[in-house]
Undergrad: 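Below is a structure I'd like to ask you about.
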Amino acid sequence: MTSLADVVESVLASRNIDLEQVKQTKAGSRVVVRITVDGDGAEGHGLSLDEVAEASQQISRALDDTGVMGERPYVLEVGTRGVDRPLAKPAHWRRNTGRLVTIERSDAEPLTARIESASDESVRLEGGLTLPYADIKRAIVQVEMNREDPGIEE
């Protein structure tokens, strides 16, 4: 028998989107299926709203076509990780290049800096500091409301 995660994974793999989490919660007579996705997207810095919407439509069709949800009514919610989730994989760091991040380190004071680049082993911050991921306990992207985008000309 095919599982819910298998169905979702096959749809997302065909779109080059990463599955972060599948969670089912009972809500009255329905089941809420929450799917968290991530990916590089067309611009290389995360998925666009359109990409998530298209994936959501394909997942919905696949769930209906495969019958993996059975006869139970369900509500499907598909979204991205969001900026409040910790950076946990090298791909998360890479997708947030250029963004401000607060880092809790294993052996030093926390710091806030902009991500310059990321490899499979470490992150390089503006100012030249390179931190191996093993030295990072937790990192969260900081929301900047009025930052000017250097790529936009007025």
Side-chain angles (χ1 to χ4, degrees), residues 1-106 112-125 130-145 147 149 151-152:
M1 183 173 148
T2 303
S3 73
L4 171 62
D6 291 338
V7 172
V8 172
E9 189 90 54
S10 69
V11 170
L12 295 177
S14 71
R15 301 188 63 77
N16 202 25
I17 297 175
D18 301 332
L19 175 62
E20 290 281 324
Q21 183 179 40
V22 176
K23 186 175 181 181
Q24 294 184 65
T25 309
K26 191 165 169 88
S29 63
R30 298 176 191 227
V31 173
V32 177
V33 178
R34 288 187 179 91
I35 299 171
T36 306
V37 297
D38 199 9
D40 288 337
E43 302 297 317
H45 290 287
L47 299 170
S48 71
L49 187 57
D50 289 340
E51 290 168 313
V52 174
E54 290 167 9
S56 180
Q57 290 171 351
Q58 285 189 334
I59 291 167
S60 179
R61 278 194 299 272
L63 294 180
D64 293 343
D65 291 347
T66 62
V68 73
M69 294 302 296
E71 296 298 316
R72 298 176 294 177
Y74 67 91
V75 175
L76 178 63
E77 296 178 3
V78 179
T80 60
R81 300 179 66 252
V83 295
D84 59 338
R85 304 266 313 257
L87 303 179
K89 300 177 183 176
H92 298 162
W93 288 90
R94 182 177 38 77
R95 290 176 186 137
N96 283 285
T97 298
R99 305 222 30 211
L100 196 63
V101 64
T102 297
I103 301 169
E104 294 177 27
R105 298 181 285 176
S106 304
T112 300
R114 197 163 304 283
I115 301 170
E116 190 173 280
S117 63
S119 70
D120 288 341
E121 297 83 29
S122 63
V123 60
R124 181 173 175 83
L125 304 172
T130 299
L131 294 175
Y133 298 125
D135 292 349
I136 299 171
K137 286 177 27 181
R138 180 177 164 91
I140 301 287
V141 172
Q142 299 302 299
V143 177
E144 297 178 90
M145 300 306 260
R147 179 172 184 238
D149 187 341
I152 297 176

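Heads up: numbering here begins at 1 and tracks the sequence.
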Undergrad: Is a donor on one side and an acceptor on the other found under 3.5 Å between the side chain of Tyr133 and the backbone of Asp120?
TA: no

Undergrad: Where the side chain of Arg114 meets the backbone of Gly98, is there a donor-acceptor pair that is under 3.5 Å apart?
TA: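 Yes.
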
Undergrad: State the CG-CD distance between Leu4 and Gln24, to the nearest 0.5 angstrom.
TA: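 So the gap between those two atoms works out to 5.0 Å.
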
Undergrad: Enter the distance from Arg124:CZ to Ile115:CD1 here, rounded to the nearest 0.5 Å.
TA: 13.5 Å

Undergrad: Quick check: closest heavy atoms across Leu63 and Thr66, and the distance to 0.1 Å?
TA: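 That closest heavy-atom pairing would be O-OG1, 3.5 Å.
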
Undergrad: Just how far is it from atom CG of Leu47 to atom CZ of Arg95, taken to the nearest 0.5 Å?
TA: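 Reported to 0.5 Å precision, the distance equals 7.0 Å.
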
Undergrad: Taking Arg30 for its side chain and Ala27 for its backbone only, find out whether a donor-acceptor pair lies under 3.5 Å.
TA: no

Undergrad: State the CD1-CG distance between Ile136 and Leu131, to the nearest 0.5 angstrom.
TA: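 With rounding to 0.5 Å, CD1 (Ile136) is 5.0 Å from CG (Leu131).
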
Undergrad: Please round to the nearest 0.5 Å and tell me the distance separating atom OG1 of Thr102 and atom CG of Leu87.
TA: 10.5 Å

Undergrad: State, with a plain yes or no, whether a side-chain heavy atom of Asp40 is found less than 4.5 Å away from one of Glu51.
TA: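 Answer no - side chains too far apart.
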
Undergrad: Answer yes or no: is there a side-chain heavy-atom contact under 4.5 Å between Asp38 and Lys89?
TA: no

Undergrad: If you draw a 6.0 Å radius around CG in Asn16, do more than 12 non-hydrogen atoms from other residues or ligands fall strictly inside?
TA: no

Undergrad: Side chain of Arg81, backbone of Pro86: donor and acceptor closer than 3.5 Å?
TA: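 Checked: pair present.
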
Undergrad: If you look at every heavy atom in His92 and Asn96, which pair is closest and at what distance?
TA: O-ND2, 2.8 Å

Undergrad: State, to 0.1 Å, how close Asp18 and Gly39 come at their nearest heavy-atom pair, and which atoms those are.
TA: OD2-CA, 4.4 Å

Undergrad: Provide the closest heavy-atom pair for Ser106 versus Ala134 in the form atom of the first, atom of the second, distance.
TA: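 Ser106 and Ala134 have their closest heavy atoms at OG-O, 3.9 Å.
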
Undergrad: Which value, rounded to the nearest 0.5 Å, describes the distance between Gln21 atom CD and Leu19 atom CG?
TA: 8.5 Å

Undergrad: Determine the minimum heavy-atom distance between Ile59 and Ile35, stating which atoms define it.
TA: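 Between these two residues, the closest heavy atoms are CG2-CD1, 3.9 Å.
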
Undergrad: State, to 0.1 Å, how close Glu20 and Val37 come at their nearest heavy-atom pair, and which atoms those are.
TA: CG-C, 4.1 Å

